[in-house]
Amino acid sequence: MAAAVIIGLAMALPLFWMILVAFSPIADLHTSQLRFWPSAPTLDNFRRVFRLPVGTWAMNSTVITCLVVLITVSCNLLAGYAFAKMRFRGRNLIFLLLLSTMTVPVQVLMVPQFKLVSAMGMFGSFWAVIVPASSTAFGVFLARQFMLGIPDEVIEAARMDGAGQLRTFFTVVLPLCKPLIAVLSLLTFLYQWNDFAWPLTVLKDERLYTLAVGMQFVNGQYTADYGAIMALALLSVLPMVVLFLCFQKYFVQGFARSGIK
Amino acid sequence: MATIASSPRDVRPTTPAPAPPPPGARRAARFRETLAAYCTLGPNLVLVTVFLLVPLVMAVVLSFQYSTGLASLTWAGLANYRQLAGDPVFWRTVLNTAVFCVATVPVEMALGLGIALLFNKVMPARPLWRTLVYLPMVISGVATALIGTLMFDQNIGLLNKLLATLGLPAAPWQTSGSAAMASVVLITLWMRIGFNMVIYLAGLQGISPEMYEAAEVEGAGPWQRLRNITVPLLGPSTFFLLIMNVIYSFQVFDTVYVMTLGGPGHATDVMITYAYRNGFEGRQQGYAAAIGIVLYVIVMIFTALQWRFSRNRDTVG
């Protein structure tokens with residue numbers, strides 16, 4: 001029990017410190033004494049942050065993330081269905097090819113992806129973030145594993161009743177996949193909301209920044225203004241933490257499921 | 001979903017085929033299924049091909065080229081790789097990447113397992129402690145790195161204040177190379193222990209309590225039970241975590257880029273940050289691609305070795 005308390009407190013300390021600094025006057029940081037409560041709680045740090053287009057950044061993050069989730073999860077579900085429940089030529093080969101992309105370091109692909117996106121005329125636009133981010137193998141893998149667990153009889157019964165492949169998919173398979181859809185959506189949302197390197201690379205207009213990129217921008221502009229930086233960090237972390245606390249079961253399942261081989 | 005339903009890729013095979021179908025009809029049914037499968041796979045396959053497979057091939061090609069000016073490239077053969085071999089900064093980043101891996105992977109796995117074992121027991125407020133451990137998982141690398149900057153600031157950071165309260169001298173988190181590396185490692189551990197714990201918790205739930213009961217009846221102590229039951233039965237989780245953790249540690253970017261920018265000097269520069277700066281700030285795209293390919297090959301060799309090793313162990317054990 002004592003060990004649990006110590007571990008819990010140690011893990012909570014950095015988050016607690018972020019919140020503390022976000023609500024503390026700057027002077028608190030520069031005293032040498034340790035303070036675990038603001039000397040005079042203040043919202044000044046947030047006011048400084050809101051002089052920047054933080055609302056726009058949050059909106060950008062939301063739009064980009066939601067579109068990526070929509071596209072990625074739709075593609076993953078469709079592909080997972082094909083791999084799990086259809087027999088076709090080249091299935092194993094394509095599946096292996098797909099799996100092999102899972103170990104490619106994202107950053108190895110960044111320069112070529114950058115060239116491609118520029119050649120397609122998407123550079124600097126939201127699409128430059130959204131489209132490459134929607135190409136994943138991991139979600140297909142998860143979807144396939146989940147759908148393998150759906151009994152073939154259910155699908156055959158639907159086929160007997162005269163439903164085509166797509167009709168079977170939408171009316172029979174998808175309703176059974178609610179937990180899968182929840183897990184895929186949450187993990188994709190998490191990944192995209194937090195993604196930094198790629199949006200940093202393809203977004204050049206300050207007003208199109210995502211929150212993660214904006215944070216690094218503020219970090220550069222307000223060097224050592226920890227109050228403002230932590231206020232913004234808190235704002236960016238909050239939606240994910242709320243989402244996590246609401247859907248903790250699915251999040252944890254999603255991570256745990258990723259370990260099942 | 002609606003976008004897909006109305007997509008032009010839609011194919012509605014005219015099933016069902018009437019019972020006992022003649023061979024020709026069966027072949028037609030197979031063909032229809034293949035067609036339907038490719039249409040279903042289509043969107044993902046197109047995206048993966050265009051944005052993962054093609055760039056991978058491009059990266060390989062690029063690594064044999066020189067950038068001259070902004071857009072033009074000339075063939076350079078192995079020149080980039082030869083330059084890499086003689087580049088002390090590159091070797092420094094290789095060393096740093098290795099040091100980072102060795103300092104993070106075993107520790108986060110051991111701690112993850114330890115905490116999972118602890119939190120698998122019944123105790124008051126268990127959900128709260130678990131939540132505190134995996135909460136950092138959902139926080140972005142950038143936010144984590146910024147929190148790290150705040151914790152490890154040399155003058156006003158929490159850690160040096162704590163050291164001062166204990167009467168200890170301040171640690172040079174930003175000016176000394178090894179301390180800077182330690183700060184990046186510590187913040188990575190904070191961020192990644194939760195993931196390791198979740199995977200191990202899931203693994204532990206798959207071990208039947210009867211195993212432990214039987215062992216206990218035969219007089220196995222807690223340490224023996226851990227060594228002879230828990231650890232071997234968690235093998236698949238360990239294998240998965242080892243691969244995931246090593247891949248992650250080889251590719252660490254956000255935390256290093258935001259916390260130290262590879263500094264001081266090149267003390268925390270890893271292969272990825274070096275490649276990124278070459279490719280996007282130095283405009284040495286061919287050189288950056290060569291670094292990336294070397295990294296990819298290392299990760300592949302590692303994954304393959306792990307695969308072999310775990311298969312051998314399964315057959316031997």
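Side-chain atoms are counted along with the backbone in the values below, which use heavy atoms only and exclude waters and symmetry mates. All chains are named by letter (A, B, ...) in the order of the sequence lines, taking the proteins before the strands, and each is independently numbered beginning at 1.
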> If you count heavy-atom pairs under 4.5 Å between each of A:Leu232, A:Leu200, A:Val213 and chain B, which one has the most?
Replying inline: A:Leu200

> With only heavy atoms counted, which part of B:Val258 is less than 4.5 Å from chain A, the side chain, the backbone, both or neither?
Replying inline: both

> Under a 4.5 Å heavy-atom cut-off, does chain B meet the side chain of A:Thr72, its backbone, both or neither?
Replying inline: neither

>> Can you give me the closest heavy-atom contact between B:Pro55 and A:Pro112, atom names plus distance?
In response: O-CG, 3.3 Å

>> Quick check for you: among B:Trp190, B:Tyr257, B:Tyr276, which has the greatest number of heavy-atom pairs under 4.5 Å with chain A?
In response: B:Trp190

> Which pair of non-hydrogen atoms, one from B:Gly279 and one from A:Val111, has the smallest distance, and what is that distance?
Replying inline: CA-CG2, 4.3 Å

>> Tell me which of these, B:Leu146, B:Asn155, B:Val133, B:Val61, has more heavy-atom pairs under 4.5 Å with chain A than the rest.
In response: B:Leu146

> Side chain, backbone, both or neither: which part of B:Leu111 has a non-hydrogen atom closer than 4.5 Å to chain A?
Replying inline: neither

> Using non-hydrogen atoms only, which part of B:Ile272 is less than 4.5 Å away from chain A: side chain, backbone, both, or neither?
Replying inline: side chain

>> For chain B, which candidate among A:Ala3, A:Pro132, A:Ala233 shows the most heavy-atom pairs at distances under 4.5 Å?
In response: A:Pro132

> Which residue out of A:Val241, A:Val106, A:Val5, A:Asp195 racks up the most heavy-atom pairs below 4.5 Å with chain B?
Replying inline: A:Val5

>> Using 0.5 Å steps for rounding, measure from the CG atom of A:Asn194 to the CD1 atom of B:Ile139.
In response: 8.5 Å

>> Heavy-atom pairs under 4.5 Å with chain B - which of A:Ala4, A:Gly8, A:Ala79 has more of them than the others?
In response: A:Ala4

> To the nearest 0.5 Å, how far apart are CG in A:Leu98 and CG in B:Leu52?
Replying inline: 8.5 Å

> Should the heavy atoms of other residues, nucleotides or ligands under 6.0 Å from CZ of A:Arg35 be counted, would the total exceed 12?
Replying inline: yes

> Checking A:Leu243 against chain B: side chain, backbone, both or neither under 4.5 Å from a heavy atom?
Replying inline: neither

> For A:Leu234, is it the side chain, the backbone, both or neither that has a heavy atom under 4.5 Å from a heavy atom of chain B?
Replying inline: neither

> Any idea which of A:Leu97, A:Ile229, A:Val131 has the most non-hydrogen atom pairs under 4.5 angstrom with chain B?
Replying inline: A:Val131

>> Testing the basics here: between A:Leu34 and B:Lys161, what is the closest heavy-atom pair and its distance to 0.1 Å?
In response: CD2-CB, 3.8 Å

> With a 4.5 Å limit on heavy-atom distance, are the side chains of B:Ile147 and A:Met230 in contact?
Replying inline: yes

> If you count heavy-atom pairs under 4.5 Å between each of B:Thr144, B:Leu162, B:Val198 and chain A, which one has the most?
Replying inline: B:Val198

> Can you say whether B:Leu56 sits under 4.5 Å from chain A via the side chain, the backbone, both, or neither, judging by heavy atoms?
Replying inline: both

>> Quick check on B:Ala164 against chain A: is it the side chain, the backbone, both or neither that has a heavy atom closer than 4.5 Å?
In response: neither

> Can the ring centroids of A:Phe114 and B:Phe280 be said to lie less than 6.0 angstrom from one another?
Replying inline: yes

> Is the number of heavy atoms from other residues, nucleotides or ligands within 6.0 Å of CZ (B:Phe31) greater than 12?
Replying inline: no

> Which bit of A:Val104 comes within less than 4.5 Å of chain B, counting heavy atoms only: side chain, backbone, both or neither?
Replying inline: both

> Relative to chain A, which of B:Ile247, B:Val57, B:Thr131, B:Thr303 shows the most heavy atom pairs under 4.5 Å?
Replying inline: B:Thr131

> In terms of heavy-atom proximity below 4.5 Å to chain B, should A:Leu109 be classed as side chain, backbone, both, or neither?
Replying inline: both

> Non-hydrogen atoms of chain A under 4.5 Å away: do they reach the side chain of B:Phe119, the backbone, both or neither?
Replying inline: side chain

> Which one of A:Leu9, A:Ile71, A:Asn76, A:Thr136 has the most heavy-atom pairs closer than 4.5 Å to chain B?
Replying inline: A:Thr136

> Roughly how far, to the nearest 0.5 Å, is the CE atom of A:Met86 from the CG atom of B:Leu41?
Replying inline: 8.0 Å

>> Other residues, nucleotides and ligands only: do more than 12 of their heavy atoms fall within 6.0 Å of OH on A:Tyr191?
In response: no

> In terms of heavy-atom proximity below 4.5 Å to chain B, should A:Gln248 be classed as side chain, backbone, both, or neither?
Replying inline: side chain

> Non-hydrogen atoms of chain B under 4.5 Å away: do they reach the side chain of A:Val117, the backbone, both or neither?
Replying inline: side chain

> From A:Lys115 NZ over to B:Gln285 CD, what is the distance, rounded to the nearest 0.5 angstrom?
Replying inline: 4.5 Å

> What heavy-atom pair brings A:Leu15 and B:Leu135 nearest, and what distance separates the two atoms?
Replying inline: CD1-CD2, 3.8 Å

> Based on non-hydrogen pairs under 4.5 Å, which of B:Ile187, B:Leu158, B:Val48 is most in contact with chain A?
Replying inline: B:Leu158

> Between the side chain of B:Trp129 and the main-chain N/O of A:Ile7, is any donor-acceptor distance below 3.5 Å?
Replying inline: no

> Just checking, is any N or O donor in the side chain of B:Thr149 or A:Tyr226 under 3.5 Å from an acceptor N or O on the other one?
Replying inline: no

>> I'd like to know whether A:Gln113 forms a side-chain contact (heavy atoms from CB on, under 4.5 Å) with B:Val54, so could you lay out the CA-CA distance, the side-chain angles of the two residues, the decisive distance to 0.1 Å, and finally the verdict.
In response: CA-CA 9 Å; A:Gln113 281 180 337; B:Val54 169; over 6 Å; no

> For A:Val140, is it the side chain, the backbone, both or neither that has a heavy atom under 4.5 Å from a heavy atom of chain B?
Replying inline: side chain

> What is the ring orientation for A:Phe244 with B:Tyr134, classed by angle as parallel under 30°, tilted 30 to 60°, or perpendicular over 60°?
Replying inline: perpendicular

> Is chain B contacted by the side chain of A:Met215, its backbone, both, or neither, given a heavy-atom distance below 4.5 Å?
Replying inline: both

> Does any heavy atom of chain B fall under 4.5 Å from the side chain of A:Thr101, the backbone, both, or neither of them?
Replying inline: side chain

> Is chain A contacted by the side chain of B:Leu128, its backbone, both, or neither, given a heavy-atom distance below 4.5 Å?
Replying inline: neither

> Quick one: what part of A:Val21 sits under 4.5 Å from any heavy atom of chain B, side chain, backbone, both or neither?
Replying inline: side chain

> With a 4.5 angstrom heavy-atom cut-off, which part of B:Ala289 approaches chain A: side chain, backbone, both or neither?
Replying inline: neither

>> With heavy-atom distances below 4.5 Å as the criterion, would you say the side chains of A:Cys75 and B:Leu47 are in contact?
In response: yes

> Between CD of A:Gln192 and OG of B:Ser140, what distance do you get to the nearest 0.5 Å?
Replying inline: 12.0 Å

> In terms of heavy-atom proximity below 4.5 Å to chain A, should B:Phe250 be classed as side chain, backbone, both, or neither?
Replying inline: neither

>> If I measure from the heavy atoms of chain A, does B:Leu150 come under 4.5 Å with its side chain, its backbone, both, or neither?
In response: both

>> Which atoms of B:Thr165 are under 4.5 Å from chain A, going by heavy atoms: the side chain, the backbone, both sets, or neither?
In response: side chain

>> Go through it in stages, so that I can follow the logic: the residues are A:Phe255 and B:Met137, the test is side-chain contact (heavy atoms from CB on, under 4.5 Å), and I'd like the CA-CA distance, side-chain angles, deciding distance and then a yes or no.
In response: CA-CA 10 Å; A:Phe255 287 116; B:Met137 269 192 319; 3.4 Å; yes

> Who among B:Thr34, B:Asn44, B:Leu132 has the most heavy-atom pairs with chain A under 4.5 Å?
Replying inline: B:Asn44

> So what's closer than 4.5 Å to chain B heavy atoms on A:Leu29: side chain, backbone, both or neither?
Replying inline: both

> Where does B:Tyr296 contact chain A at under 4.5 Å (heavy atoms): side chain, backbone, both or neither?
Replying inline: both

>> Nearest 0.5 Å, please: how far is CE in A:Met11 from CG in B:Leu189?
In response: 9.5 Å

